[in-house]
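Notes to accompany the following structure.
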Amino acid sequence: MAEYYPYKEIETKWHKFWEANKTFKSTGVGTKYYVLEMFPYPSGYLHMGHVRVYTIGDVIAHYMRMKGYDVIHPMGYDAFGLPAENAAIKNNVHPAEWTHKNIDHARLQFKKLGMSYDWDREIATCNEDYYKWNQWLFKRLYEKGLAYRKATAVNWCPDCGTVLANEQVHDGKCWRCETIVEQKELTQWFFKTTAYSQELLDGHDKIDWPDRVTLMQKNWIGRSEGIRIFFKEAKSGELLPVFTTRPDTIFGATYVVLAPQHPLVEKIKKEVSPDKVKEIEAFQDKVKKSDITVMTLINMEKEGVDTGAFAINPVNGAKVPVWIGNYVLMDYGTGAIMAVPTHDERDFKFAKKYNLPMIVVIQPKANKLEVSTMTGAYEEEGALVNSANFDGMNNIEAGKKIAVWMEKENFGKIEVNYRLKDWLLSRQRYWGTPIPAIYCDKCGIVMEKDENLPVKLPLDVEFTGKGNPLEKSHSFMQVACPKCNGPAKRETDTMDTFVDSSWYFIRYCDSKNTHLPIDKAIADRELPVDQYVGGPEHACMHLIYARFFTYVLRDLGLISCSEPFKKLLTQGMVVKNGAKMSKSKGNTVSPDDMIEKYGADTARLFMLFASPPPMDLEWSDDGVDGSFRFLNRVWRKISSHIDSVRNMKSKTLDMSDIEMLSPQKKQLFRKTHQTIKKVTNDVGKEQQFNTAVASIMELFNEFNPLEFDMNNELDKILFKFTAESMILLMAPLVPHFSEELWQSLGNKSSIFTCNWPDYDQEMIVEDSVEFVFQVSGKIRDRIQLPLNLSQEDIEKTGFASPKLQEWLQGKTVVKKIFVKNKLLNIVVR
RNA sequence: GCGAGUAUGGUGAAAUUGGCAGACACGCCAGACUUAGGAUCUGGUGCCGAAAGGCGUGGGGGUUCAAGUCCCUCUACUCGCACCA
């Protein structure tokens, strides 16, 4: 049986040591550095995807610690949510019990992986001492007018009598009973995220995030500058505003489309024939009889119906038909659009389908457009036609002028619109934070008193899958109105779990505070998070909600910082055989098995080595083996002389010592310095852990074959210096392994209290370089030459090279390109 | 439909940002050692070719002395889309 390094013993030993010594507790002294990974939803055991994020965060935390920062590195659990409730329905176990069992296992897994958390800060969002502050903050938002109620549609299963999450709708059917899902209007709570639309955009300049994430957010917030145009309903004269970003095409508007829920539709019904009303209602009904999930919206054919009413275009008095369409959204813009089929592809298709009129208003330079021959919309630039005084103008210029003119004539109002919606936070579920609102017949909406918080989740509930369990709890529902003390009813909606995760990173700073969510002095020292790590799937929702909450807490005077996450690292998924690991595909790998078979350090090393953080990571069992073998090789090499160097002082070599070394050992010393530089840059700056690992392997490949004579003082010094440097560089990656070797080498304190190694720029410089010679861009020779030769010297060498001469023979030199210490390109004809 | 990515050997990937394509590793091949083992060590390994040499970074086109890297265009795949977290 092969001898492996004793990873099990080592890992257990250091877990105990770190825990007993609270090695990773932040000291509160010096410059703080807050590293945070997105906390897990404890739905069962941690999987490899988790191991990856947390390993990446842990490497950064260790590195900054060794760089001398007071590192804040907390962990907790995003513990409210739907899966716990599903488990309750399925297995008749209380969501709390299920959740706490999972949390306990996750905590154990974190410890086994050697994650360097400050466990004293731990939180779970389902605990009363956390969600109390959700309620407290909700009240503050309500007082500021940032929380309000309005009606909106939800997925509804009529059979279960319950609201369904998008996830619970499969092919338009309820996942449990397969009843066709409908839309239902409910009055629900919203947070006014749109109050901060502009700051959410402007804040991007203050943070160091991947461009693609800020770009996604920008698109999500969707700022568009346009104009609200005041169409009027022809019969009643009722105002029918539409929003458009294309005022240049206003003279080409040939019909108007309303969202099916648009309030004007109800008025129109009173004006048109009974047959029309039937038609309209049938259409409204059809739209309502579908769920509101994305896939449905995508697959939905664009459909509409003529209401029989007309609208007046303010700019020219044109009378255009009013339609309703399933693709016009009530909650964007004004819930109504003007259609210009000649210059918008979506409108074009719709107009063709229903045989609606078209007018060309933009003519390209090259050819002349005719409505009768058009096969698609013309969406490029051109000159305006059929546009009154604006004819002949370039459409882009004209757009601005038309908008100004319309505003002056009071035909419209220039405005900025955002695609960002207010945040619907009501959930008709049990396992979440109860919203602390009370409904009193006399007083209306009244908030629960601060001193009565938290409003606790009741225990006298049953999980049947039908209806909201909270509605059946009398002890919960029936309350006295905090204002008039009369009988009142408690809100049964709970909060979206995104509320929990929108400020948990703030609570970590002061997780035990019983009179405020956070103490301001502490917040001001510890916030913002300097480095946040998590999946890019949170680019839009979580990362916008968290920024919104930070703005709100700032405006409430609770904290001073505006942007919660200074730097963001988004890591890819862990895949196997090209597919995301999932139970249904049977391609999962259990972290527990990995730790058992190879130890946590090998699992960590493989994940860091296999792929740079932003890319997906292809799992490979053979690759894990390779990482394990590498650790074993290092272990053997360093162990070979560990007893001889244990009691000697660590020293480095000076120039005169180096001159006495063999060329290979001199090169090893240089390589060590080069590797320190490379790893420092890769880990500290680029966050490319794969290349950091590769360069440590390169160093080891030079170190491993060399023999060291333990009777020779220089050899001993070099051996110890190389070994220690390597271990220090490896410490953030493989903490147990490094701690063990470090202390075996005679060091008395934890490696994580040591300084990150420095390199000497002088020691790095190579004395020669392989110079490349090209003829007309093709490489024809490579010659090892001293550094920093002049172009003149290089040319001499080049023209003297027999290989080059062969290619230069009989040709005329046209040009010579010289790149110092790199190449000479001789261009010939 | 809208939005964001990705594409380099048999595989995971690297390339100091326009300057030697394939570092490092996996796998494979050959060998050494050996009380056969999924251990360790040594050498080889992009493709074609006997060699000289040629070809090669998803396809096509362009800029340049020089392109994986810049520009245009096409294709394929992956992810997100507001009640999963």
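Per chain, numbering begins at 1; letters A, B, ... match sequence-line order. A quick note: this is a predicted structure, and the numbers were derived from the prediction, not measured.
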Rounded distance (Å) that lies between atom P of B/rC24 and atom CD of A/Glu702: 10 Å

Distance in angstrom units between A/Phe771 CZ and B/rC20 C1', rounded: 12 Å

Centroid separation A/Tyr130 to A/Trp503 less than 6.0 Å: yes

Distance, rounded to the nearest Å, where A/Phe818 contributes CZ and B/rG18 contributes P: 20 Å

NZ/A/Lys811: more than 12 non-hydrogen atoms of other groups inside 6.0 Å: no

Spacing of A/Asn632 atom CG relative to B/rC41 atom C1', expressed in whole Å: 15 Å

N/O (side chain, A/Asn690) to phosphate O (OP1/OP2, B/rA25) under 4.0 Å: no

Charged N-O contact under 4.0 Å between A/Asp422 and A/Lys192: no

Nearest-Å distance for atom pair CG/P, residues A/Asn701 and B/rA25: 5 Å

Heavy-atom neighbours of A/Lys349 NZ exceed 12 at 6.0 Å: no

Carboxylate-amine/guanidinium proximity below 4.0 Å for A/Glu301 and A/Lys353: yes

Can you pull every protein N or O that's under 3.5 Å from an N or O on nucleotides 26-33 of chain B?
| from | atom 1 | to | atom 2 | distance (Å) |
| --- | --- | --- | --- | --- |
| B/rC26 | OP1 | A/Arg629 | NH2 | 3.0 |
| B/rG27 | OP2 | A/Arg629 | NH2 | 3.3 |

Pairwise P distance, B/rU78 and B/rC26 [rounded to whole Å]: 30 Å

Syn-anti status, with the boundary at 90° from 0, for the nucleotide B/rG9: syn

N or O in side chain of A/Asn821 less than 4.0 angstrom from B/rG19 OP1/OP2: no

Restricting to nitrogen or oxygen on both sides, can you table the protein-nucleotides 64-66 of chain B pairs closer than 3.5 Å?
| from | atom 1 | to | atom 2 | distance (Å) |
| --- | --- | --- | --- | --- |
| B/rC65 | OP1 | A/Lys815 | NZ | 3.0 |
| B/rC65 | O2' | A/Asn825 | ND2 | 3.3 |
| B/rC65 | O2 | A/Asn825 | ND2 | 2.6 |

Side chain to side chain contact (heavy atoms under 4.5 Å, CB included) partners of A/Val765, counting only residues at least two apart: A/Leu787

Euclidean distance, atom NZ of residue A/Lys218 to atom P of B/rG5 [Å, nearest integer]: 12 Å

5' priority, RNA chain B, between A/Arg636 and A/Arg780 [closest heavy atom]: A/Arg636

With sequence neighbours excluded, residues passing side chain to side chain contact (heavy atoms under 4.5 Å, CB included) with A/Val53: A/Glu37, A/Val533, A/Gln571

A/Lys173/A/Asp171 ion pair, N-O < 4.0 Å: no

A/Phe350 six-ring face occupied by A/Lys302 cation (under 6.0 Å, within 45°): no

Sugar-phosphate only, base, or nothing, as touched by A/Lys778 at under 4.0 Å among non-hydrogen atoms: sugar-phosphate

B/rA21 versus B/rU73 - spacing of their C1' atoms, nearest Å: 25 Å

Base versus backbone protein contacts along nucleotides 77-85 of chain B [heavy-atom cut-off under 4.0 Å; B, S, -]: ----BBBBB

For B/rU17, glycosidic torsion class - syn if within 90° of 0, otherwise anti: syn

Interatomic distance at C1', B/rC41 relative to B/rU57, whole Å: 34 Å

Within 45° cone of A/Tyr332 ring axis and under 6.0 Å: A/Lys421 NZ or CZ: no

For atom CG of A/Leu543 and atom C1' of B/rA4, their distance in whole Å: 14 Å

Sugar-phosphate only, base, or nothing, as touched by A/Asn681 at under 4.0 Å among non-hydrogen atoms: nothing

pair A/Leu424-A/Thr152: side-chain heavy atoms closer than 4.5 Å: yes

Lys/Arg-Asp/Glu bridge criterion (N-O < 4.0 Å) met for A/Asp593, A/Lys597: no

Separation of B/rA25 C1' from A/Phe606 CZ (nearest whole Å): 10 Å

Nearest-angstrom distance, C1' atom, B/rA14 to B/rU63: 27 Å

Over-ring placement of A/Lys150 relative to A/Phe190, 6.0 Å and 45° cut-offs: yes

Separation of the C1' atoms in B/rU40 and B/rG59, to the nearest angstrom: 46 Å

Stem regions touching RNA chain B, defined by at least 3 consecutive Watson-Crick or wobble G-U pairs below 3.5 angstrom: B:1-7 with B:75-81, B:10-12 with B:24-26, B:27-32 with B:40-45, B:46-48 with B:53-55, B:58-62 with B:70-74

Rounded distance in Å between the P positions of B/rG22 and B/rC77: 31 Å

Check: A/Arg782 side chain, A/Phe773 main-chain N or O, donor-acceptor pair, under 3.5 Å: no

Same-atom distance (P) from B/rC33 to B/rG12, integer angstrom: 36 Å

Sugar-phosphate, base or nothing in reach of A/Met615, heavy atoms under 4.0 Å: sugar-phosphate

Basic-acidic side-chain contact under 4.0 Å: A/Glu698, A/Lys671: yes

